[in-house]
Amino acid sequence: MYLLEMPVENLTSVGKTTAKLLHKIGIDRVSDLIDYFPFRYDDFSQVVKVKDLLPNQIVTIKGKIILISNRRSFKKRMTITEALLEDETGSIKVIWFNQPFLIKNLKAGDEIFIAGRVTFDNLGLQFVSPSYEKNSSQAGLNTGKIVPIYSLTGRLTQKQLRFLIDIALKSVRQIAEWLPKEIIKNNKLISIAQALQEIHFPTSFVKLEKARYRLKFNEFFLIQLQSQRLKDYLAKVKAPQIKFREAEIKKFVAVLPFSLTADQKKSAWQILLDLEKEKPMNRLLEGDVGSGKTVVAALAILNVILNGYQTVLMAPTEILAKQHFNSLRDFFSNFNFNIALFTSSEQLQNDQLAMSNKKQILEQIKNGSINLIIGTHALIQDNVKYKNLGLVIIDEQHRFGVEQRKKIKEKNNNKKTPHFLSMTATPIPRSLALILYGDLDLSIIKEMPRGRKKIITRLVAEKDRLKAYNFIRQEINQGKQVFVICPLIDPSDKLGVKSVKEEFKKLDQNIFPEFEIGLLHGKLKAAEKEKIMSEFKANKIKILVSTSVIEVGIDIPNATIMMIEGSERFGLAQLHQFRGRVGRGEHQSYCFLFTDDSSTKTTQRLNALVKSADGFALAEYDLKFRGPGEVYGTRQSGLPDLKIASLNDLELINLTKKEAVNFFENYSLADFPLLEAKLDKNKLIDHLE
Ligand code: ADP
Ligand code: MG
C-alpha cells in the first residue's frame, strides 16, 4: 500500500517515461490517480452470444479468432484488418481500419472480448473498429465489467492507467470521511472511499449511480458551504463607508462622450448605495460584452478615490488588465489620480507611460499615493501592501472566498475589509444566479448602448464554404482580421488541441497561405498565449485559430469576422460570447456559423442566434432545451469548475444548499476540522497564473 501523498514515481511500475505522461495530465501523486475520474464507461459486463446480436446494439461478445489478416484498400488508401470471430452459437466479422499492427497481437486461436456497436451491411452483421481485449489473467480490470475510459495523453494507454489507478485505490481507506455523519445519513450517501472505488471500477450501474451522486453532492455541498461561510464572515467584518459624492459624480457623467443607459444608471446606483454601508459590498455586475460595464466600475472607483481610499482591479490576463488600464486612464483624464498597471511583465503609471520599476510602485501603493492599481488576478498573491484599500473589482471571476478576503484584509493597512465587485459577461439568468451565487447581490445590464451596428450572423451551408472564404479574403485584404473558433471534438482530447491544430494546418497551408495565421489553445503557457494575443492585437496575425480559450473581454476593434466551426457543439450563450469579440470597432462585423448537423433542432437553435442579439434571451432559450450544463462553456465562464456534477443537476444544487444552510445554523465549522480543511483546499480562485 502506498501513502496518498507519495509521488507516482514511487509506484514500482512507473518509470520515467510514464511519470512524465502522468504529470502531463496533472497526476503527480498517488491521490491524483484516485481523483482522475473516467469520462465514460464501456459496459463489458453483459457478454452476449453471437446468435443474439441485433443491429445497432452496443455489446460485448467473447469468442475465438478463426482467422485474421490485413488487406490494402487502394480506393480508401488504408489498411483494413479483417477477422472472423466465433463462439458456440455462431460467427461474426470484425474489421479495423489502419491498425496493421493488430495482427501481431491478435492471432487465430486467441480468445478475445470485442466490445462496440453492431452494424449491419449487405453481408450481414459486423463490428467496425470495436475495442478488444485478450482473455488473459489481467482481464479483470479491462473486461467482464463496466470498464472506465479515461482521457489519455501520448502513449499512455487505458490499460496502463487502469492498472495504476487500481493500485492507488488500495490506499483509498486512508481518505477520511469528511462529510458530517448526519448529512451522510439523511441523504443516504455512500462513503467517500466506496464512492471513489466505484467511480473507477463500478460493480454495477446502480452502484456507479450512487458513486456519482455522492461525488456530485461533495462538489455542490462545498460550493454552498463556501457561500454560507462567506455570508457568515461578511456579517462580522467592517468595510469603510464610502460617502456618495454627488457633485463630482454628476460632473463626471456630464462630460462622458455618451449618455448612460438606464441599466447602467441603475447598476451604478445600486453599487453606490452598497458602498455607503459598513457591511462590505458583495455584488456581481452582469452585462453582455460591450454593454458598458467599465464605466459603471469607473463611477464606483471615482467615488472610492474621492473618499480617500484605494481601489484594486484585477483581470484574468495581462492583455485585459492593460485594456482596463487604458480605458480607465481615459475616463479619469480630468482628475489628478495616480493610476498604476502592475503585472509581472509590465509596470506603468498614469499617462506618461513612464516605466516605473516594481519597487517604486509597491512603495507608492503602500504609502497611498497610488489611487488605482490594475493588474492580473495574481495581485492578491503578490507581496503588495495597501494603505487604505476600499474596493476590490474582479473581472470575469465571480467568486472570491473567505480566504482571499482575509488575505486582502491582511495586506490592507487600515485593517478594513474592502467592498467587492465582480464583473462578468456571462449571461446568467437571475434564477440560476440565485441558486449558484446566493451570497452575491446582482446588478444586470440588459440594454446595449444605442447606435451599435448589429453583427450580421449567418448560418453558412457547406456548399457556400468557399464563398465565405472568399469574403474573408476580401476583408483581410482591406486590413481586417478574423477569429476562427473550433470545438473540442474528441472528448479524450480535453483541451481540444487536436481539432484546432488540424484547422490551423488546413487554413495555413491550403486556404490562406498568403496570410499570417496564429494558433491558440489551452495547452499553451500563459506567456505564449499573451504573446500570440498581442501579435493579433498588433495586426501582425490576420487570422487567429483558437479553441474556446480566448478571453471574453478582449478588444480587437479591427477584427470583423468571427467564424465558428462545429457551432452545434457550443451553447448559444457561449456562441453569443464568441460573437461579442467582433463588432467592437466602427466597421460592420460578421459572424459565420458552420455545422455538419443539419437536423431541424440544430438549425432552429442556431437560427435563434442569427435572429437575436440578446445574450440573456439566448441563454434562457438554451436553458429551456438543454439545461445550464450545456449552455455555458466551463472554462472562463466564471461558473464553478465542476469535475463531475453539472449545472443541470438543479435539484441537487437546491438540496445541498438546504443542507449547507442547515449545517451553518446548527453546527460550528470548527468542530469539523476535516471539512474545514477541505473548504480551505477547495480554492475558489483557481486560475491564478
Ligand atoms: P464591457 O461591458 O464589455 O466591459 P465596455 O465597458 O468595454 O463593455 O464598453 C464597450 C464600449 O462601449 C466602450 O468603448 C465604452 O466606452 C462604450 N460605452 C459604454 N457605455 C456606453 C453608452 N451608454 N453609450 C455609448 N457607448 C458606451
Ligand atoms: Mg470589459
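Every value quoted in this text rests on a predicted model; they were computed, and no experiment measured them. Atoms within each ligand, like the ligands themselves, are counted from 1 in listed order.
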Can a donor-acceptor pair be found between the side chains of Glu568 and Thr602 at a distance below 3.5 Å? no
Can Lys542 and Asn539 be counted as having a side-chain donor-acceptor contact under 3.5 angstrom? yes
Which of these, Pro557, Gly580, Pro449, Gly292, has its nearest heavy atom closest to atom 25 (C) of ligand 1? Pro449
Heavy-atom contacts with Ser259 under 4.0 Å: which atoms of ligand 1 show up? List them by number with element. 22 (C), 23 (N), 24 (N)
For ligand 1, which atoms sit closer than 4.0 Å to a heavy atom of Thr294? 4 (O), 5 (P), 6 (O), 7 (O)
So, regarding Val289 and ligand 1 (criterion: nitrogen or oxygen to nitrogen or oxygen, under 3.5 Å), is there a contact or not? no
Please verify whether a non-hydrogen atom of Ser291 lies at under 4.0 Å from ligand 1. yes
Donor-acceptor pair between Gln349 and Gln360 side chains, under 3.5 angstrom: no
For Thr261, atoms of ligand 1 separated by under 4.0 Å from a heavy atom: 23 (N)
Among all residues two or more places apart in sequence or in another chain, which pass the salt bridge (Lys or Arg N to Asp or Glu O under 4.0 Å) test with Arg473? Glu514
Considering only heavy atoms, does Ser327 approach ligand 1 within less than 4.0 Å through its side chain, its backbone, both, or neither? neither
Where on Asp288 is there a heavy atom closer than 4.0 Å to ligand 1, on the side chain, on the backbone, on both, or on neither? backbone
Would you call the rings of Phe335 and Phe332 parallel, tilted or perpendicular if under 30° counts as parallel and over 60° as perpendicular? perpendicular
Salt-bridge test for Glu535 and Lys531: reply yes if a basic N is under 4.0 Å from a carboxylate O, no otherwise. yes
For the residue pair Glu318 / Ser344, report whether a side-chain donor-acceptor contact shorter than 3.5 Å exists. yes
Does any part of the side chain of Ile249, heavy atoms only, come nearer than 4.5 Å to the side chain of Leu299, both counted from C-beta? yes
Heavy atoms only, cut-off 4.0 Å: how does Gln264 contact ligand 1, side chain, backbone, both, or neither? side chain
Does an N or O from Gly290, backbone or side chain, lie closer than 3.5 Å to an N or O of ligand 1? yes
Any nitrogen or oxygen of Arg450 lying under 3.5 Å from a nitrogen or oxygen in ligand 1? Just yes or no. no
